[in-house]
Amino acid sequence: MHLLPLLSFRYAEVRIVFEIEQRAIEEKIKRFCLEEGLPEPVLQWSWIPFSGHWGISTSFFALAAQEARQGGQVNIPERAQGIARAVADYLGRPAGFERVEAVKGYLNLYFSTPGYTQQVIDTVLEKGEDFGRGEPLNRRVMVEFSQPNTHKAFHVGHLRNVILGAAVANLLEFAGNEVIRANYIGDIGLHVIKWLWNYQKFHLGEEPGEDRIRWLGDIYAEAERRSEGSPEAEAEIRALFARWDRRDPQVVELWEKSRAWSLEGFDQVYRMLGVHFDRVYFESEVEEPGKKLVEELIARGIARDERPEGAVIVPLDEILGEKEKYRVLVVLRSDGTSLYATKDLPLAIKKFEEYNLDQSIYVIDVRQSLYLQQIFKTLELMGYDWAKNCYHLAYEIVNLPGNVTMKSRDGTVVLLEDLVREATSRALEIVRTKNPELSNEQQEMVAHAVALGAIKYSMLSRDNTKIVTFDWQSALDFNGQAAPYIQYAYVRANSILRKANQALPASQLPVYELSPVEIELVELISRFPKEVQRAAKEYRPLYLANLAYDLARVFNDFYNQCPVLQAEETVRAVRLRLVAAARQTIGNCLRLMGITAPNVM
RNA sequence: GCCCCUGUAGCUCAAUGGAUAGAGCACCGGACUUCUAAUCCGAUGGCUGUGGGUUCGACUCCCACCAGGGGCGCCA
C-alpha cells in the first residue's frame, strides 16, 4: 500500500511465549525437508482460527507448489496435506504441545493448555501496565496533530484528528519509540485578520464568557457572513492585514489578547480530552523565517518569482520532469503575504533541527495529501536527506448526514462542547438508574468516562480511510460495539477481584480442564503485544479497537459461563488470576486509545 | 484530463494472501433468587460493485471498467 512508508528499520521481534519452542519446530521441519529432498520451506506461522483451541499453524501449499514447478504434475492441496501428514508424524509430539495434526494441508500445533495458560497469565501479571510494551527501538518520532486555528470554533470535525493523533502517538511510544507530541497552532493568517476586523467594527470591548470557543467561533462565522461578496469589507480586511504585516501596535495588542482567549479555550478542550503536547509550535513563529526561506529558494533557483503578475512558485513538475504529478507549489502570495507553504517549510526544518528526528509524522486530513507531498518534495530538492522521513498520516474527514462537510465559516458544525455535554448528560442518566448507590461525584466521573470513551471509540474503531458520518443518534448510542461495552467488561472484572477480597493467588498451573471460553480469553490476551506492533507499524488504532472489543466480548462470555468466587479452590485461584490478566489487558488497550477505564459504572 | 480514497448482510463496519467471510444496529424469540442484565443465548440475513489476470489458494495483489467522494497556482 503506497500510503505506508518504506520502513528503513525493523521493529523488534515480539517475544511473548513459545518462541523458543516455535524455533525448534522450524528447525525440525527444515531438517525433515532436507532429508526428504524437498526444497527449503519458508514457514509462515499464524494462529489456529478455531475458537476454543489455540496454537500455531502453518501450511505446505507453497512448498507443494514449489515442488510442482520443479517436478511433474501434482495435485497441490493433496500434496500439501501429504507433506503436512509426514511432518506431523516426523515431529511426534514436541515438548510444550499437547497435540499435532495435519488438516487440509495445514500443520496445526496445539499448545499444551495448562502450560500456555500459566505462561500467558504470569507474563501479564508480572508486566502489568507494561504488558505489551515493545523493546526500546532507539528511534525518535514526532507526531504532529490537532493543529487548530485560533479564533475559530473547535468542532466535531477537528475531533477525529486529536483522537487519532493521540492514539497513534501512544501506540508508537508503547511499541518502543521515543515520541514527541507536537501541536501546530494557526494563530495568524487571513482568518485571524477577518476575526479582528469584525471584532473591531462590531464587538469592540466585548469579552468572552465561560464558553470561549463558541463565542470566538460565532464572531468568526459572522465575519465571514459580513465580508462575503462585499468589496468594501474585503478592502478593509486587506488594509488590516497590511497593518498586521507592519506590526501596528494596536493590531498586535488586540491579536495578542484574542489569541490568548483562544488558547485558553484549547487548553480546556485538551484537558477534557486528556491530551497533552510536548512541543507547541505557532504559525506566527515561523512566518518571518518562512519569508526568508522563500528568498533563499528564489536565489537557489528552486522557486520562481513571478511577481508582480504572479506569485512565488516552486514548479515541481517542471523541475522533476513529471507531468501532472506534483503540480506547482505556491510559496508566497503576489502581495508578499505568507501562505501555509511559506510556514510549513521552515517548520519542518525546525523540527528536525530541534529534535534530530528519525521520523516526522503529520496527522492531517486526506484532502491535503498532494500539498504535503509537495512540501516533502520541496524539502528534498533543498537537499534535506531527512525529507524522506516525513510521513503524512492521512485520515478521512467527519461529515454530517448527506455528505455535508463541517465548515467553521458557514457555521455548519457540531461543536465539541455540545457533543460532550449531550453525551455526558445521557451517560449520567443511565448511570443514575443503573447504579443509584454511587455518590454524585462518582456518577459524574463515570458519565464522563463513558461519554468520552464512546466518542473516542467510535472514531478509532473505523479505519483511517473511511469517512465518518456524524449523527446524533449513533453518537449517543452506547450499545453494541462501543466503548461502554468494553468498559463494562473491565468493571465486571474489577468487581470480581474486589469481592474476592484477597491478594491474588500465586502462579498456578491449571489442574482442571479449561473451558473453551477460558482458552479463547487467554489466546486473545496473548495477542495483545503483536497487535500493538502491527497497529504501530500501520498507524492503525483500529486493530486495538477490535482487539479490545473481542476481549470484552469473550470476557463477558466467560463471566456468564465460569463462576469464579464460587468455584472450588484450585479453579478459583486460576480464574482469579485470569480475571486479573484480562482486566490488565483490556485496561492497557483502553489506555492506548486514550479511553478511561472506570472501576465502577 | 491527471492523481487519491471508498464499494462486503436492510444499515454502520470488521476480516495477517489461507481452513466455514464475521460483529454491531434493526427485526423476531428466549435468560435476572446468581461475581453488576450497560450482559448473555438463539433465529433471520452474502454472486465481497463488474469483468479479466497473478497464485496451489484472492474480500485482500495487478489491469480495465462502473458508481460515490476528494484533490489538482496565489484557501487552509
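Letters A, B, ... are given to chains in the order of the sequence lines, protein chains preceding strands, and every chain is numbered from 1. Below, each value reflects all heavy atoms present in this structure, side chains not excepted, and no hydrogens, waters or symmetry copies.
In this pair, A:Tyr559 and A:Phe555 present their aromatic rings tilted. The plane angle is within the 30 to 60° band. Ring geometry, A:Phe470 versus A:Trp472: the interplanar angle exceeds 60°, so the pair is classed perpendicular (tilted spans 30 to 60°). Below 30°, between 30° and 60°, or above 60°: for A:Phe376 and A:Tyr362 the angle between ring planes is between 30° and 60°, a tilted geometry.
Here B:A14 presents its C1' atom at 16 Å from CG of A:Leu551, a figure rounded to the nearest Å. Residue A:Leu393 contributes atom CG, which lies 14 Å from atom C1' of B:C5 at whole-angstrom precision. Between A:His392 atom NE2 and B:C5 atom P there is a gap of 13 Å when expressed in whole angstrom units. With rounding to whole Å, A:Tyr549 atom OH is found 13 Å from B:U12 atom C1'. Atom CG of A:Leu320 and atom C1' of B:C2 are 16 Å apart (whole Å). Atom CG in A:Asn464 sits about 14 Å away from atom C1' in B:U6, given to the nearest Å. The CZ atom of A:Arg583 sits 16 Å away from the C1' atom of B:U36 (whole-angstrom rounding). The nearest whole Å value for the distance from the CG atom in A:Asn501 to the C1' atom in B:C35 is 13 Å.
Salt-bridge annotation for A:Glu295 and A:Lys291: absent, with no side-chain N of the basic residue lying under 4.0 Å from a carboxylate O of the acidic one. Ion pairing between A:Arg575 and A:Glu518 holds under the 4.0 Å rule for side-chain N and carboxylate O. A:Arg534 and A:Glu531 are joined by a salt bridge, as a carboxylate oxygen and a charged side-chain nitrogen come within less than 4.0 angstrom of each other.
Residue pairs meeting the side chain to side chain donor-acceptor pair (under 3.5 Å) criterion with at least one partner in residues 302-317 of chain A, sequence neighbours excluded, are A:Arg304-A:Glu306, A:Arg304-A:Glu318, A:Asp305-A:Arg307. Sorted by first and then second residue, the pairs that involve residues 334-344 of chain A and meet side chain to side chain donor-acceptor pair (under 3.5 Å), not counting sequence neighbours, are A:Glu283-A:Lys343, A:Glu287-A:Ser338, A:Arg333-A:Thr337, A:Asp335-A:Thr337, A:Asp344-A:Tyr371.
Residue A:Val600 is in base contact, counting any heavy-atom pair closer than 4.0 Å across all strands shown. Among the heavy atoms of the strands, none lies under 4.0 Å from A:Arg498. A:Tyr543 comes within 4.0 angstrom of sugar-phosphate atoms only, judged by non-hydrogen atoms across all strands, and of no base.
With sequence neighbours excluded, no residue forms a salt bridge (Lys or Arg N to Asp or Glu O under 4.0 Å) with A:Lys456. Remark: A:Pro505 engages A:Gln502, A:Gln508, A:Ala573, A:Leu576, A:Arg577 in a side-chain contact (heavy atoms from CB on, under 4.5 Å) (not counting sequence neighbours). A:Tyr326 meets the side-chain hydrogen bond (donor to acceptor under 3.5 Å, both in side chains) test with no other residue; sequence neighbours excluded. Listed by chain and residue number, nothing satisfies the side-chain hydrogen bond (donor to acceptor under 3.5 Å, both in side chains) test with A:Ser227 (two or more places apart in sequence, or in another chain).
Across the C1' atoms, B:C59 and B:A19 are found 16 Å apart, a figure rounded to whole Å. Between B:G49 and B:C72, the two P atoms lie 29 Å apart (nearest whole Å). Across B:A76 and B:G70, the matching C1' atoms stand 15 Å from one another, rounded to whole Å. Between B:G10 and B:G46, the distance separating the two C1' atoms is 12 Å to the nearest Å. B:G7 and B:A15 are spaced 16 Å apart, taking the C1' atom of each and rounding to whole Å. Taking atom P in both B:U16 and B:G53, one finds a spacing of 27 Å when rounded to whole Å.
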Under 3.5 Å between N/O atoms: give me all the protein pairs with nucleotides 38-41 of chain B, atom names plus distance.
from	atom 1	to	atom 2	distance (Å)
B:A38	OP2	A:Lys434	NZ	2.3
B:U39	O2'	A:Arg492	NH1	2.9
B:U39	O2'	A:Asn560	ND2	3.3
B:C40	OP1	A:Tyr485	OH	2.3
B:C40	O4'	A:Asn560	ND2	2.9
B:C41	OP1	A:Asp557	OD1	3.4

Distances for protein N/O vs nucleotides 20-22 of chain B N/O pairs under 3.5 angstrom?
from	atom 1	to	atom 2	distance (Å)
B:U20	OP1	A:Lys104	NZ	3.3

Strictly under 3.5 Å: I want the nitrogen or oxygen pairs between protein and nucleotides 54-59 of chain B, one per line.
from	atom 1	to	atom 2	distance (Å)
B:C56	OP1	A:Arg69	NH1	2.9

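In terms of polar N and O atoms assigned as donor or acceptor, the side chain of A:Ser59 never comes within less than 3.5 Å of the base of B:A19 in a complementary pairing.
Of the candidates B:A19, B:U16, B:C13, the closest approach to any side-chain atom of A:Lys466 belongs to B:C13.
Looking at A:Asn108 and A:Ser57, their side chains do bring a donor and an acceptor atom within 3.5 Å of each other.
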Exercise for the section: Determine which bases of RNA chain B form Watson-Crick or G-U wobble pairs with both distances under 3.5 Å, and write the result as a 5' to 3' dot-bracket string with | for other-strand partners. Expected result: (((((((..((((....[...))))..((((.......))))......(((((..]....))))))))))))....
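Residues of residues 455-463 of chain A that place a heavy atom closer than 4.0 Å to RNA chain B, in numerical order, are A:Arg462, A:Asp463.
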Practice task
Between protein and nucleotides 63-76 of chain B, map the contacts as a letter string: B base, S sugar-phosphate only, - none, heavy atoms under 4.0 Å, written 5' to 3'.
Solution key: ------SSBBBBSB
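Position along RNA chain B of the nearest nucleotide to A:Val103 versus A:Ile496 favours A:Val103 as the more 5'-ward residue.
Without hydrogens or angle criteria, A:Ser262 side chain to A:His151 main chain gives a donor-acceptor distance under 3.5 Å.
The side-chain heavy atoms of A:Asn183 and A:Pro148, taken from C-beta on, include a pair separated by under 4.5 Å.
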Exercise for the section: Evaluate the ring-ring contact (aromatic ring centres under 6.0 Å, His included) criterion for residues A:Tyr488 and A:Tyr485: first the C-alpha distance (whole Å), next the side-chain angles of each, then the deciding distance (0.1 Å), finally the verdict. Expected result: CA-CA 5 Å; A:Tyr488 185 62; A:Tyr485 179 89; 8.0 Å; no
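Counting non-hydrogen atoms of other residues, nucleotides and ligands closer than 6.0 Å to CD of A:Glu437 gives a total above 12.
In this model, the phosphate group of B:U6 is approached by a side-chain N or O of A:Thr465 to a distance below 4.0 Å at OP1 or OP2.
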